[in-house]
Amino acid sequence: LPKEQAFQSKILESLKEWKSAGSIDQNAMIWKQGAAPYQRQGLPDILAIINGRFFAFEVKRPYGIGKLTGIQTKTIADIKAAGGVAETVSFSEEVKKILINSGAWKEIQ
């Protein structure tokens, strides 16, 4: 099974493709959160602002291999409590479903 980085790259690629295609807002901001000594611990891997709404995707390897740490679980709960959307994902299709359910997805005709 590929490393977590491969799953992150595929999800980032999909988000950028959806943005270019107009499936999500073309003004959306999408970025990968890097680790740094002075940043808040536990921030999800991929962050986005779409239609003024904050999305956070913690990417883990599928099939129960990747596990959330305690600080990651708390951070996801904090983001949700603040009104953002935060979920653990492994595949682009999971991200798409979250975007559809949150109203951030546009069907292209």
Do any N or O atoms from the side chain of [X] and from the backbone of [Y] form a donor-acceptor pair under 3.5 angstrom?
X: S90; Y: K60; value: yes
X: R61; Y: L1; value: yes
X: K32; Y: L12; value: no
X: N51; Y: R53; value: no
X: Q33; Y: A56; value: no

Measuring from [X]:[atom1] to [Y]:[atom2], what's the distance to the nearest 0.5 Å?
X: F55; Y: I46; atom1: CZ; atom2: CD1; value: 13.5 Å
X: I98; Y: N101; atom1: CD1; atom2: CG; value: 8.0 Å
X: K74; Y: L68; atom1: NZ; atom2: CG; value: 14.0 Å
X: I30; Y: I49; atom1: CD1; atom2: CD1; value: 10.5 Å
X: S102; Y: K97; atom1: OG; atom2: NZ; value: 13.0 Å
X: S92; Y: E94; atom1: OG; atom2: CD; value: 9.0 Å

Give me the atom names and distance for the closest heavy-atom approach of [X] to [Y].
X: A28; Y: K19; result: O-NZ, 2.6 Å
X: F7; Y: P62; result: CZ-CD, 3.4 Å
X: T75; Y: R40; result: OG1-NH2, 3.9 Å
X: I24; Y: A104; result: CG2-O, 3.7 Å
X: E58; Y: L43; result: OE1-O, 3.8 Å

Are [X] and [Y] in one and the same hydrophobic cluster, where Ile, Leu, Val, Met, Phe, Trp and Tyr link if side-chain heavy atoms are under 4.5 Å apart?
X: M29; Y: I11; value: no
X: L99; Y: L47; value: no
X: I100; Y: V85; value: yes
X: I50; Y: F57; value: yes

**OP:** Over 60° means perpendicular and under 30° means parallel, so classify the ring planes of F54 and W31, tilted if in between.
**Re:**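 Ring orientation, 0 to 90° scale: tilted.
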Subject >> Residues, nucleotides or ligands: over 12 heavy atoms within 6.0 Å of Q41 CD >> reply: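 Result for CD/Q41: open.
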Original post:
Above 12 or not: heavy atoms from other molecules or residues under 6.0 Å from NZ of K80?
Top reply: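 Correct, the count exceeds 12.
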**OP:** Determine whether P44 and I79 make a side-chain contact, defined as any pair of heavy atoms from C-beta on separated by less than 4.5 Å.
**Re:**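 A side-chain contact exists here, since the closest heavy-atom pair is under 4.5 Å.
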Subject >> side chain to side chain contact (heavy atoms under 4.5 Å, CB included) between W18 and K96, intermediate numbers included >> reply: CA-CA 9 Å; W18 297 334; K96 180 179 177 180; 3.7 Å; yes
